[in-house]
Number of protein chains: 2
Amino acid sequence: MNTHRQYINEQIRKEPKFAEALAKAEQEVGIAVELARLRERRGLSQTELAKLTGMKQPQIARLESGAHFPAFPTLQKLLGVLGGKLELTADACHLVPTRLKVASARR
Amino acid sequence: MNTHRQYINEQIRKEPKFAEALAKAEQEVGIAVELARLRERRGLSQTELAKLTGMKQPQIARLESGAHFPAFPTLQKLLGVLGGKLELTADACHLVPTRLKVASARR
DNA sequence: ACGAGTTATAACATAAGTGTTATAGTTTCC
DNA sequence: GGAAACTATAACACTTATGTTATAACTCGT
C-alpha cells in the first residue's frame with residue numbers, strides 16, 4: 001500500500017521543484033487544519049468566528065481549506081480571537097494554542 | 001520632548017483606526033529591522049543574501065524597509081539562509097535568532 | 001579621485017491573498 | 001420532513017506582495 005508514497009518519491013526525483021511545491025502545499029494545508037482545530041476547540045462555528053474577526057464565513061472557509069497561506073494581518077485577526085501563536089521556521093510552520101486573554105470565544 | 005508621543009496619543013483618541021494602522025506599521029517595520037539585524041549578524045550584504053535566497057538585492061532592500069509584511073514563502077526562504085524563528089501572536093511579531101543548520105552564511 | 005561594493009528607490013508586470021455576494025450541499029434539531 | 005445552522009465553492013473586484021531591471025546615492029579602500 002505504498003503506491004502513493006512511491007509516486008511522490010518518484011516525482012521528487014524527476015522534478016526537484018516538485019518537492020518544494022509539495023512542502024509548500026503541506027504547510028498551507030497544515031496551517032489550515034490547525035486553524036480549524038483551534039476554532040473548533042473554542043467551540044465556534046465559521047460564521048461566529050467570522051463575526052468576531054470582522055470577516056465573512058466564506059473567507060474563514062477558504063482559510064481553513066488551505067487554498068493559500070494567510071497573510072500576517074489576517075492571521076493576527078484570527079489569533080486575536082482564537083488565541084494561539086504561530087511559529088515559523090524555514091522548514092516548519094505551526095500554530096501553537098495559547099491561553100486566551102479575554103473571553104473572546106465562547107465561555 | 002514628548003511631542004511625538006502626545007501627537008500619537010491624540011490621533012489614537014480621535015481616530016480609533018489610527019491605533020490599528022500604527023500597530024500594523026510598527027510590526028512591519030519591526031520585522032524588517034529584525035531581518036536586517038539578522039542578516040548583518042550573519043555578516044552578509046543584501047546582495048549576498050539575495051544570491052543565497054535566489055532573490056535580487058532590491059527585494060531584500062524592500063523587505064528590510066518595512067514596506068509590507070513578507071509572505072510566508074518569502075520569509076521561509078530568508079530563514080533558510082539566516083536561521084531564525086518567527087513568532088506571531090495577535091499583538092506581537094518577533095524574529096528570534098536560532099542556530100544555523102549548515103554553513104549557509106559566512107563561516 | 002576613482003572604482004568597486006553596498007544600499008535605496010522607482011516603475012512595471014505579475015502573482016497571490018482579501019473581501020464579498022450568491023448559492024448549493026450538508027448537518028442538526030424539532 | 002422542514003427549517004435553521006453550518007460549511008464549501010464559484011466568481012468577481014480589489015488589495016497587497018513578489019520579482020525584476022534600471023538607476024542613483026552612499027560608503028569604503030586604494
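Here is how names work: the chains are called A, B, and so on, in the same order as the sequence lines, proteins then strands, and each is numbered from 1.
- Among B/Thr98, B/Leu44, B/Leu95, the one residue that satisfies the side-chain contact (heavy atoms from CB on, under 4.5 Å) test with B/Leu82 is B/Leu44.
- Contact between A/Leu35 and A/Leu75 at its shortest, heavy atoms only, is CD2-CD2, 4.3 Å.
- Of the candidates C/dT7, C/dT18, D/dT18, D/dT18 carries the atom nearest the B/Thr74 side chain, counting heavy atoms from C-beta on.
- At a threshold of 4.0 angstrom between heavy atoms, the contacts of B/Pro58 include nucleobase atoms, whether or not backbone atoms are also involved.
- Each of B/Gly54 and B/Phe69 lies near DNA chain D, and the nucleotide nearest B/Phe69 is the one positioned closer to the 5' end.
- Protein atom NZ of A/Lys56 is 17 Å distant from nucleotide atom C1' of D/dA8, rounded to whole Å.
- Taking atom CD on B/Gln57 and atom P on D/dG19, their separation rounds to 14 Å, with Å as the unit.
- For A/Glu64 and D/dA8, a side-chain-to-base donor-acceptor distance below 3.5 Å is absent, hydrogens and geometry of angles not being considered.
- Note on B/Ser65: nothing from the nucleic acid sits closer than 4.0 angstrom, heavy atoms only.
- Side-chain atoms of B/Arg62 lie closest to C/dA11 of the nucleotides C/dG19, D/dA17, C/dA11.
- Annotation: of the two residues near DNA chain C, B/Glu40 and B/Ala71, the 5′-most nearest-nucleotide partner is B/Glu40.
- Look at CD on B/Gln59: it is 12 Å from C1' on C/dA15, rounded to the nearest Å.
- Taking only side-chain nitrogens and oxygens, A/His68 never comes nearer than 4.0 Å to OP1 or OP2 of C/dA15.
- Residue B/Leu75 is classed as having no contact, given no heavy-atom separation below 4.0 Å to the nucleic acid.
- The shortest non-hydrogen separation linking A/Ile60 to A/Met55 is CD1-SD, 3.8 Å.
- In this entry the distance linking CD of B/Gln76 with P of D/dA17 reads 17 Å, nearest Å.
- Checked for salt-bridge contact, A/Glu40 and A/Arg42 miss the test: no charged N lies under 4.0 Å from a carboxylate O.
- Side-chain proximity of A/Thr47 to D/dA17, D/dT7, C/dG19: nearest is D/dT7.
- One interatomic measurement links the two molecules: CG of B/Leu35 to P of D/dA17, which rounds to 14 Å at whole-angstrom precision.
- Rounded to an integer number of Å, the gap from A/Gln46 CD to D/dC6 C1' is 7 Å.
- Note: CG (B/Leu63) to C1' (D/dT20) measures 14 Å, nearest angstrom.
- The distance from atom CZ of A/Phe72 to atom C1' of D/dT15 is 17 Å, rounded to the nearest whole Å.
- For A/Lys77, the listed nucleotide lying nearest its side chain is C/dG19; candidates were C/dT18, D/dT7, C/dG19.
- Side-chain nitrogen and oxygen atoms of A/Arg39 include none within less than 4.0 Å of the OP1 or OP2 phosphate oxygen of D/dC6.
- Counting non-hydrogen atoms under 4.0 angstrom, A/Ala61 reaches a base of the nucleic acid.
- Between the A/Thr74 side chain and the A/Pro70 main chain, no donor and acceptor come within less than 3.5 Å of each other.
- Although no hydrogens or angles enter the test, the distance criterion places a donor-acceptor pair under 3.5 Å between the side chain of B/Glu48 and the main chain of B/Ser45.
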